[in-house]
Amino acid sequence: MLDVIRMTDFHAPELDMYARLREVQLLNREKPEEGIFIAESPRVIERALDAGCEPLSFLAEERYLEKELKDIRKRCREIPVYTARMEVLSQITGYKLTRGMLCAMRRPPLRTVEEVCADAQRIAVLENVVNPTNVGAIFRSAAALHMDGVLLTPDCSDPLYRRSVRVSMGTVFQIPWTYLDQTDGWKESGMGILKKLGFCTVAMALTEDSISIDDTKLRSEEKLAVILGTEGDGLAADTIADCDYRVRIPMAPGVDSLNVAAASAVAFWELQKGKKDKKEKEL
């Protein structure tokens, strides 16, 4: 059985990781093996558990204890469950929780770029995308629209920030991802490793030499890395110059761009059409 502990004091130390520690403190850059993230809602928590993430504790609204925790209770014995009225939980989170449940979990070890790209035909690369909502939305589109992995430059928002995880609906646990090395700047080391792994690089950018996203040349490429830039400024000029293709999404007159999350969904849907299934590749 789960150990249910009713909380009445907002300042109880057991609630620090939910209420008072900032995301960067949970991340624990000095000791990443001790890093923590917060998952919200039963669906997201279950996806994290399915991916092998280790739960440390739960925080749930009292009225959800039986109904929402029923299945999770069978999987997580000996894990403490802190429970409180909605008034206390609202103090902790600052907003109404999605279906009244949070879970603190140990951060999983980061994969290597080679592990993320193993057998991949289509990957997304995020350059300095700093908005957690956009990162979460891009992950959700990547998982839904047949991307095989996601690579992020070190300045991107953390995919395991609470808001990113929530917006992704837990798909951040379903698709392989990692950070690109910035030892020599990501474009020097990152572009090099993408080339070494056999990827043609696609810059999503409006340039004079950009081709339409439905160009047949793109579908004929066996391995594509789709590179998306930061909100507002888009991709850096030298990133665009270093890519094999510059690609645009045709739009109505008077509109010159889409939000990066919306653009990612269009790009992923169109560019995954050239993927071959394993049997076809073996032939």
Side-chain angles (χ1 to χ4, degrees), residues 2-3 5 12-60 72 75-82 92-93 101-120 123-126 128-130 132 135-136 138-139 142-143 148-186 189-190 193 197:
L2 290 170
D3 184 13
I5 305 164
E14 295 90 339
L15 302 182
D16 282 348
M17 67 180 69
Y18 297 103
R20 283 169 286 282
L21 294 181
R22 294 174 296 154
E23 299 274 16
V24 69
Q25 292 173 298
L26 293 175
L27 178 58
N28 197 348
R29 294 185 186 277
E30 293 184 1
K31 296 181 178 180
E33 69 279 3
E34 297 180 8
I36 294 169
F37 71 91
I38 306 296
E40 180 184 342
S41 86
R43 173 68 63 84
V44 171
I45 293 168
E46 286 176 352
R47 284 179 171 168
L49 292 172
D50 290 342
C53 295
E54 176 190 352
L56 300 175
S57 68
F58 294 91
L59 177 64
I72 294 174
R75 304 176 62 174
C76 302
R77 302 183 185 280
E78 310 301 327
I79 304 299
V81 178
Y82 303 113
I92 291 172
T93 62
M101 188 185 303
L102 297 172
C103 180
M105 292 184 156
R106 187 76 66 198
R107 292 180 69 94
L110 274 177
R111 294 176 169 92
T112 66
V113 173
E114 289 82 1
E115 287 171 338
V116 170
C117 294
D119 298 322
I123 61 169
V125 181
L126 309 188
N128 302 340
V129 179
V130 298
V135 169
I138 291 169
F139 266 84
D148 300 311
V150 179
L151 302 177
L152 304 97
T153 63
D155 290 332
C156 282
S157 179
D158 182 4
L160 293 184
Y161 279 171
R162 188 184 302 185
R163 186 167 183 81
S164 296
V165 173
R166 183 171 73 249
V167 172
S168 82
M169 285 298 293
T171 55
V172 68
F173 307 113
Q174 294 179 295
I175 186 167
W177 64 271
T178 196
Y179 285 100
L180 288 159
D181 185 22
Q182 185 137 320
T183 304
D184 303 310
W186 95 261
S189 56
I193 198 169
L197 293 171

Handout entry: Side chains of Cys156 and Thr153 in contact at under 4.5 Å (non-hydrogen atoms)
Key = yes
Going by atom type alone, with no hydrogens or angles, which donor-acceptor pairs under 3.5 Å involve a side-chain atom of residues 106-114 and a protein atom two or more places apart or on another chain?
unit_1, atom_1, unit_2, atom_2, d
Arg106, NH1, Glu34, O, 3.3
Arg107, NH1, Asp158, OD2, 2.8
Arg107, NH2, Asp158, OD1, 3.2
Arg107, NH2, Asp158, OD2, 3.1
Thr112, OG1, Glu115, N, 3.0

Practice task
Would you indicate whether the side-chain heavy atoms of Cys117 and Leu151 approach each other to under 4.5 Å?
Solution key: yes
Exercise for the section: State the SG-CD1 distance between Cys103 and Ile72, to the nearest 0.5 angstrom. Expected result: 7.5 Å
Exercise for the section: Return the minimal non-hydrogen interatomic distance between Val167 and Gly136, and the atom names on each side. Expected result: CG1-C, 3.8 Å
Problem - From CE (Met17) to CG (Leu102), nearest 0.5 Å - result: 11.5 Å
Practice task
Please state whether the rings of Phe173 and Phe37 are parallel, tilted or perpendicular, taking 30° and 60° as the class boundaries.
Solution key: tilted
Problem - Leu152 side, atom CG; Ile138 side, atom CD1 - distance, nearest 0.5 Å - result: 8.5 Å
Exercise for the section: Measure the shortest side-chain to side-chain distance between Asn28 and Glu33 over non-hydrogen atoms and say whether it is less than 4.5 angstrom. Expected result: no
Handout entry: Side-chain heavy atoms of Ser168 within contact of Pro159, under 4.5 Å
Key = no
Exercise for the section: Find out whether Leu180 and Val125 are in side-chain contact, i.e. whether some heavy atom of one side chain is under 4.5 Å from a heavy atom of the other. Expected result: yes
Problem - pair Leu160-Trp177: side-chain heavy atoms closer than 4.5 Å - result: yes
Exercise for the section: Report the distance from atom CG of Leu27 to atom OH of Tyr161, rounding to the nearest 0.5 Å. Expected result: 6.0 Å
With a cut-off of 3.5 Å and sequence neighbours excluded, list every side-chain donor-acceptor pair involving residues 44-58.
unit_1, atom_1, unit_2, atom_2, d
Arg47, NH1, Met169, O, 2.5
Asp50, OD1, Arg75, NH1, 3.0
Asp50, OD1, Arg75, NH2, 2.9
Ser57, OG, Tyr18, OH, 2.8

Exercise for the section: State the CD-CZ distance between Glu40 and Arg163, to the nearest 0.5 angstrom. Expected result: 10.0 Å
